[in-house]
Amino acid sequence: MPQEIPKAYEPQEIEERWAKVWFEQELFRAENSAPGPTFSIAIPPPNITGTIHIGHMLEHTQIDMLVRWHRMRGDRTLWLPGMDHAGIATQFVVERQLAKEKIRRQDLGRDEFERRVWQWKSESGGAIKQQMIRLGASCDWTRERFTLEPALYRAVIEAFLRLYREGLIYRGRYIVNWCPRCQTAISDLEVVHVERPGKLWHLRYPIVGSKGAAQEYLVVATTRPETMLGDTAVAVHPDDERYRRFVGKSVVLPLVNREIPVIADTYVDREFGTGVVKITPAHDPNDFEVGKRHNLPEIDVMTNDGHMSAAAGKYAGLDRFEARARVVSDLDALGLLERIEEITHAVGVCDRCKSEVEPRISTQWFMNMKPLAEPAKEAVRGNLIEVVPDNQRTILLNWLENIRDWCISRQLWWGHRIPIWHCADCKEMVPATDSRVELFEGHARAAGIPTKCPKCGASKLTQDTDVLDTWFSSSLWPFSTLGWPDDTPDLRAFYPTSLLISGYDILFFWDVRMIMMGLHLTGGATAQQRVPFKRLYLHSLVRNADGAKMSKTKGTGVDPLHLTQQYGTDALRYMLASMSAPGTDIVLSDDRILGARSFANKIWNAARFLFMNLEKVEASGLTLEELAAPEIRAKAPYPVKGEGALAHRWIFSRLAAVVAQVNEALEDFRFHEACQTIYQFFWGDFCDWYIEWVKPQLAATDREIALPAWRNLFAALDVALRLLHPVMPFLTEELWHKLPQPAGARSIALDRFPEPISHWPDAGSDDAMARLQEIVIAARNIRAEMKLDPKRKVAAEFWTGGPMLRNLVAENMDPLLRLAALSELQVSSVHLDPTGAAIRSTSAFDLRIAYGNTADKPAEMARLTKEIERLAKDIEAKQKRLADDNFTSKAPGKVVDDLRATWMERQIEHKKLRDRLEQLEK
RNA sequence: GGGCGACUAGCUCAGUGGUUAGAGCGCUCCCCUCACACGGGAGAGGUCCAAGGUUCAAGUCCUUGGUCGCCCACCA
């Protein structure tokens, strides 16, 4: 078997195999009745619009690392998966698909269109799930949820009805953001502002009563001249001397020839433009407010699809941009276009389809957010929800401070239909009788249908045709997925969830709204019991080399499955995690993925080394069981007889430190730090030093050496694998199974995460090993400088002042000679002669290797000179500080002492180098 | 108009007031040494954007400025 282990790690087959096993065995099913601390996390549900992209992969890697870490630490752990119906986005995608067949959704009708979307959902949703399974997400798939499934529909209706009864949800006619392409209202958050070059047209409105040569005008400036057709007033500031005499008079609205009043309102900024504003209450939020104050009529001059309506007179039927051009040229022809100013201004476009949004009066459903924002602010301020990184907390609170009402209705067909019925006779709005749902063609719809109008008694009631903003259902996700509004065992066990990990780009869309809804709707007695999550971690966004956010629609997305096939899932996961420093975005780089792949390969080969050599060991009568059974591993480190035993105590001491560091890092979402710590340990300490150090011991014929050495090696590998598992689940699972495990043990994922064992840390070994490493490095350095043939062993001399290091060298002579490629290391009690030799030294020791004929004396002298200069500078700086009473009296004693100690060491080194340079100069 | 972030080695980035500021990649030199060339060994490489300030001590904290990026915002 051992020879069968491939030389290079080949992840494909291994990953596919384990992904399948994990899923089929329901390995990650959470027990809601199990005892102990709980760790629960609800997935940010991917939209069914597409497939998993690299951003999901980053998010899932971080979540999965924490989930696996908690699970291995024995917590009752749930990662609940699911998907979002993504109302407008999905409808957009399916409409686009239909467009290829030259079909409009209106041709199909609402029911048939919905059928098509469900069809899309089953294909796309299935693909996402398969991807996630393949990428190793350790979700509890038995609890998978979908925002449009019956149970969640019921939660949506329940939430709506409660908020409606409380008066927090209301219907009204206000200015909303209207997308003429999607033909629906959208919320403020769905409007993105883009800076664009534009024009400010200055238009003359003739004053009524002035004529001929005495004709007077008021000049207004506008970026949307076509809306002038809906003007119902012109406004100036009440204190503006220039225009005071016109207030109360009228102007003739050009092209329309409607007389409209000149009004005074403090909303007008005297400094801006001409100080005169056209008032179009139906097409501008400010004008709408002004219109309310002055009882102005509201004239909507547009249609749902962005054309001019009948109210636009002769412009009716024109596209809004055509109408704009026409209005301008017509005004110009009449001599009423004073001038055109080129400006850059922010244009609101639809987040989804990028069409220019039309502010427009419309009857919609809204949610009053201020009362919900207050408890949310308190919860965040009171740290009931800890926000990481901290600066996001300020951003969050600031947003809550300035929150405005949320337009929650959408004129779409794909989504949760609003559970309100309208009376055909008296227009009374009648809510659903309760939140029950029933199945219709396999999908849920509201079942609490009112039969009679409570106001007029009529029975002709029709359900509101609007659906809810997709984020409405998302805002219930942490508790709707656990069975709310019922008081289920899952809800009791896993709510509040422990943590939310999301991208900061959806902080306002989703995270904040969950906080508000969770606090308002769930049943806990205290806010602490009602928050949807106790911690909120906002992760970075993945950007491409240009710094642009990865986007599928822009074609800049990277397919993680493709990368996975190229480099392996574990490598990709490691790469993403190792770049996940909180608060900074991630720019993908091929180099980093390659590095991660190399790391996976390194781990693979370290294990391969063990198992390959095992064959020889087994020939001598030892079995894998004797060397690596769980109960054997548990008792490591074992004392090893003879030279070089130190390394065993050292590697476990290192492990203890590494485990503690990794735990701390993961606790604070410092994924990159956890990765780097493990990497340095595994590659540097474990492979480069430990394995190399103990190789001869493993081959020793003396059982008292070989047996404990093997046992320690296997035990250390086992700890390392468990340490690595959260970030590299597949590779570690595969290798873990090659070690003997307890009967019935199914997966490393259910094994324990390493704990720093109290007898592992050993400061003495840490120090001793560090000294020995310095000696080896010093020797290698000389060898490299002298360009010695690596195969040629050379003799070296060693001097040290004290007995400690001398003993240490004697006790570890064998590994020292081997790793430094020395034939002998003669320990001298007198100072070494620098002539004809290269010497490397620290303050504690000197190491001398005699020159061959090829020695490069000038190079050595140059090196020494440079080093001496550097040291001199350093010593001077330290001396200055130590001479400063301010420093010695005010700095902590330890800092002063440490500085003095280093200062003295440097002086020793400095003197050594100077002496040596002098010798060479002779 | 507000707010946030970044600026550190050739590149991509870590860095939690306290020895000589680190990593990966790249670069230079040597080596296909019996786990791994996706490897081993040894190196070179930094006015920490600038200027002030606080402090015994600043890459780190404060102020101002610069460059770049992001978010929010109803000034026509």
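Letters A, B, ... are given to chains in the order of the sequence lines, protein chains preceding strands, and every chain is numbered from 1. Treat the numbers as computed from the prediction; the structure is a model and nothing was measured.
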Do any N or O atoms of the protein come closer than 3.5 Å to N or O atoms of nucleotides 33-35 of chain B, and which pairs are they?
from, atom 1, to, atom 2, distance (Å)
A35(B), O3', Arg608(A), NH1, 3.3
A35(B), O2', Asn605(A), OD1, 2.7
A35(B), O2', Arg608(A), NH1, 2.4
A35(B), N7, Lys695(A), NZ, 3.3
A35(B), N6, Glu692(A), OE2, 3.0
A35(B), N3, Asn605(A), O, 2.9
A35(B), N3, Ala606(A), N, 3.3

Atom C1', compared across A58(B) and G15(B): separation rounded to whole Å: 14 Å
Touch check for Leu507(A), heavy atoms < 4.0 angstrom, all strands: base, sugar-phosphate only, or nothing? nothing
Calculate the interatomic distance between Glu673(A) atom CD and G22(B) atom P; express it in whole Å. 16 Å
Classify Arg870(A) by what it touches in the nucleic acid, base, sugar-phosphate, or nothing, heavy-atom distance under 4.0 Å. base
Base, sugar-phosphate or nothing for Pro892(A)? Non-hydrogen atoms, less than 4.0 Å. base
Dump the intermediate steps for salt bridge (Lys or Arg N to Asp or Glu O under 4.0 Å) on Lys292(A) and Glu289(A), then the final yes or no. CA-CA 5 Å; Lys292(A) 284 280 176 232; Glu289(A) 295 299 327; over 6 Å; no
When you compare the side chains of Asp265(A) and His294(A), does any donor N or O come within less than 3.5 Å of an acceptor on the partner? yes
Test the Arg818(A)-Trp693(A) pair against the cation-pi criterion, namely NZ or CZ under 6.0 angstrom from the six-membered ring centroid and within 45° of the ring axis. no
Does Trp683(A) reach a base, just sugar-phosphate, or nothing at all? Heavy atoms under 4.0 Å. sugar-phosphate
Describe the nucleic acid contact of Arg597(A) in one word from base, sugar-phosphate, nothing, applying a heavy-atom distance below 4.0 Å. base
Rounded to the nearest angstrom, tell me the gap between atom CD1 in Ile586(A) and atom C1' in C70(B). 16 Å
Would you say the side-chain atoms of Ser187(A) and Glu190(A) include a donor-acceptor pair closer than 3.5 Å? yes
Report the distance from atom CE of Met575(A) to atom C1' of C38(B), rounded to the nearest whole Å. 16 Å
Between Tyr205(A) and Asp231(A), is there a side-chain donor-acceptor contact under 3.5 Å, judged purely by atom types and distance? yes
Which base, if any, makes a Watson-Crick or G-U wobble pair with C34(B), both distances under 3.5 Å? none
Among the nucleotides C25(B), U12(B), C56(B), whichever has the atom closest to the side chain of Arg592(A) is U12(B)
Just how far, in rounded Å, is C1' of C4(B) from CG of Asp390(A)? 12 Å
note: Asn398(A), atom CG; C70(B), atom P; distance rounded to Å ~ 20 Å
Pairing partner of A21(B), by Watson-Crick or G-U wobble and under 3.5 Å for both distances, is none
Between P of G69(B) and CG of Leu541(A), the distance in whole Å: 17 Å
Indicate whether any N or O donor in one side chain lies under 3.5 Å from an N or O acceptor in the other, for Glu341(A) and His202(A). yes
Return the pairing partner of U16(B) with a 3.5 Å limit on both distances, Watson-Crick or G-U wobble; otherwise return none. none
Is the charged tip of Lys602(A) near the ring of Tyr9(A): under 6.0 Å from the six-membered ring centre and within 45° of its axis? no
Rounded to the nearest angstrom, tell me the gap between atom CD1 in Ile593(A) and atom C1' in C38(B). 14 Å
Does U54(B) have a Watson-Crick or wobble mate here (both distances under 3.5 Å), and if so which one? none
Any strand is fair game: report the nucleotide pairing with C70(B) by Watson-Crick or G-U wobble, both distances under 3.5 Å, or none. G3(B)
Both distances below 3.5 Å, Watson-Crick or wobble geometry, any strand: find the nucleotide opposite C75(B). none
Validate the cation-pi geometry between Arg881(A) and Phe887(A): distance from NZ or CZ to the six-membered ring centre under 6.0 Å, angle to the ring axis within 45°. yes
Across every strand shown, the nucleotide meeting Watson-Crick or G-U wobble geometry with G43(B) (both distances under 3.5 Å) is C27(B)
Distances under 3.5 Å only, N/O to N/O: pair up the protein atoms with those of nucleotides 73-76 of chain B.
from, atom 1, to, atom 2, distance (Å)
C74(B), OP1, Arg404(A), NH1, 3.0
C74(B), OP1, Arg404(A), NH2, 2.9
C74(B), O2', Asn286(A), ND2, 3.1
C74(B), O2, Asn286(A), OD1, 2.6
C74(B), O2, Asn286(A), ND2, 2.8
C75(B), O2, Asp269(A), OD2, 3.4
C75(B), N3, Asp269(A), OD2, 2.9
A76(B), O2', Ala221(A), O, 2.6
A76(B), N6, Asp269(A), O, 2.8
A76(B), N6, Phe272(A), O, 2.8
A76(B), N1, Asp269(A), N, 3.4

Any donor-acceptor N or O pair under 3.5 Å, side chains Lys912(A), Ser843(A): no
Does C48(B) have a Watson-Crick or wobble mate here (both distances under 3.5 Å), and if so which one? none
